[in-house]
Amino acid sequence: AVPADGPRASERTLELTQVNNAEHLPGEQIKRASAEWGVRGGEELFRIIADSLPELICYIDADGRYQFNNKAYEKRFGIPAEKFAGRSVREVLGEAGYVIVKPYIEKVFKGERCSYAGYISHRLLGQRYYHIDYVPHRHDDAKVQGAYLLIQDLTELKQAEERFRMMVESVKDYAIF
């Protein structure tokens with residue numbers, strides 16, 4: 001019987017039952033099952049947290065290809081997050097956008113944490129103002145194997161600042177100091 005929560009709940013129930021019946025497994029299998037459960041549980045928790053945030057969060061591998069994108073990507077681009085997996089940053093941004101972020105991608109893969117704030121032309125969204133944090137992901141041997149990116153679209157804020165600046169400048173023409 002499949003529980004009311006669906007096939008994933010059924011899968012989890014089976015896994016928990018197997019772990020609870022671990023006294024029947026040899027010691028090495030118990031360790032392996034526990035480690036696997038811990039990894040899957042950690043990945044699931046990370047996805048839940050990342051998907052709850054409005055910022056774009058992604059992970060790119062050493063080849064510059066997306067391996068993880070949170071749900072904010074779906075909302076922003078209208079494309080399921082899974083569809084980004086394996087696609088290159090250049091492919092997703094387009095050449096004009098990639099030229100801007102390329103130096104930062106190169107820095108992060110040299111092991112430097114860095115940030116970018118400015119306009120990027122995006123082939124799907126047009127010109128947007130982003131703040132992007134690039135964080136290297138190092139393996140145990142300290143070799144950089146990927147990068148985490150936290151991307152904030154500040155376009156509306158920049159537009160509001162520009163409107164405010166223009167309003168202040170127009171008022172200065174009539175103000176007596």
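We use all heavy atoms of the structure for the numbers below, so side chains are in, but hydrogens, waters and symmetry mates are not.
Tyr119 and Leu154 fall within a single hydrophobic cluster, where Ile, Leu, Val, Met, Phe, Trp and Tyr side chains are chained together by heavy-atom contacts under 4.5 Å. By the criterion of side-chain heavy atoms lying less than 4.5 angstrom apart, applied directly or through intervening Ile, Leu, Val, Met, Phe, Trp or Tyr residues, Leu53 is grouped together with Val135 in one hydrophobic cluster. A continuous path of hydrophobic side-chain contacts links Leu150 to Phe46 [ILVMFWY only; heavy atoms under 4.5 Å].
Every residue meeting the side-chain hydrogen bond (donor to acceptor under 3.5 Å, both in side chains) condition with Lys71, not counting sequence neighbours, appears here in chain and number order: Glu74. With sequence neighbours excluded, the residues forming a side-chain hydrogen bond (donor to acceptor under 3.5 Å, both in side chains) with Arg165 are Glu162, Glu169, listed by chain and number. Not counting sequence neighbours, the partners of Asp153 by the side-chain contact (heavy atoms from CB on, under 4.5 Å) test are Arg76, Arg128, Tyr130, Thr155. Glu55 pairs by the salt bridge (Lys or Arg N to Asp or Glu O under 4.0 Å) definition with nothing, not counting sequence neighbours. Partners of Tyr59 under the ring-ring contact (aromatic ring centres under 6.0 Å, His included) rule, at least two apart in sequence or in another chain, are His137, Tyr148. By the side-chain contact (heavy atoms from CB on, under 4.5 Å) test, Ala117 pairs with Tyr129, His131, sequence neighbours left out. Taking the side-chain contact (heavy atoms from CB on, under 4.5 Å) definition, one finds that Ala72 meets it with Leu56, Asn70, sequence neighbours left out. In this structure Tyr104 satisfies the ring-ring contact (aromatic ring centres under 6.0 Å, His included) test together with Tyr116, Tyr134, sequence neighbours excluded. Evaluation of the salt bridge (Lys or Arg N to Asp or Glu O under 4.0 Å) rule for Glu112 yields no partner, not counting sequence neighbours. Evaluation of the salt bridge (Lys or Arg N to Asp or Glu O under 4.0 Å) rule for Lys158 yields Glu161 as partners, not counting sequence neighbours. With sequence neighbours excluded, no residue satisfies salt bridge (Lys or Arg N to Asp or Glu O under 4.0 Å) with Asp61.
Nearest heavy-atom pair across Cys58 and Ile151 is SG-CD1, 4.5 Å. Across Pro136 and Gly111, no two heavy atoms sit closer than the pair CG-O, 3.6 Å. Scanning both residues, Cys114 and Lys107, for their nearest heavy atoms gives SG-CB, 3.9 Å. Of all heavy-atom pairs between Ile120 and Gly97, the closest is CG2-CA, 3.6 Å. Minimum interatomic distance between Phe109 and Gly146 (heavy atoms only, all atoms of both residues): CE2-CA, 3.5 Å.
Ile60 has its side chain within reach of Leu149: a pair of non-hydrogen atoms, C-beta onward, lies under 4.5 Å apart. Under the 4.5 Å side-chain criterion, counting only non-hydrogen atoms from C-beta, Phe68 is not in contact with Phe84. Tyr73 is not listed as a side-chain neighbour of Ile57, based on a closest heavy-atom distance of 4.5 Å or more. Between Val89 and Val101, some side-chain heavy-atom pair lies under the 4.5 Å cut-off.
For residues 78-96, the set of pairs meeting the side-chain hydrogen bond (donor to acceptor under 3.5 Å, both in side chains) definition, not counting sequence neighbours, comprises Arg87-Glu91, Arg90-Glu95.
The environment of CZ in Arg113 is sparse: at most 12 heavy-atom neighbours from other residues, nucleotides or ligands sit within 6.0 Å. The 12-atom threshold is not exceeded at CE of Met166, counting heavy atoms of other residues, nucleotides or ligands nearer than 6.0 Å.
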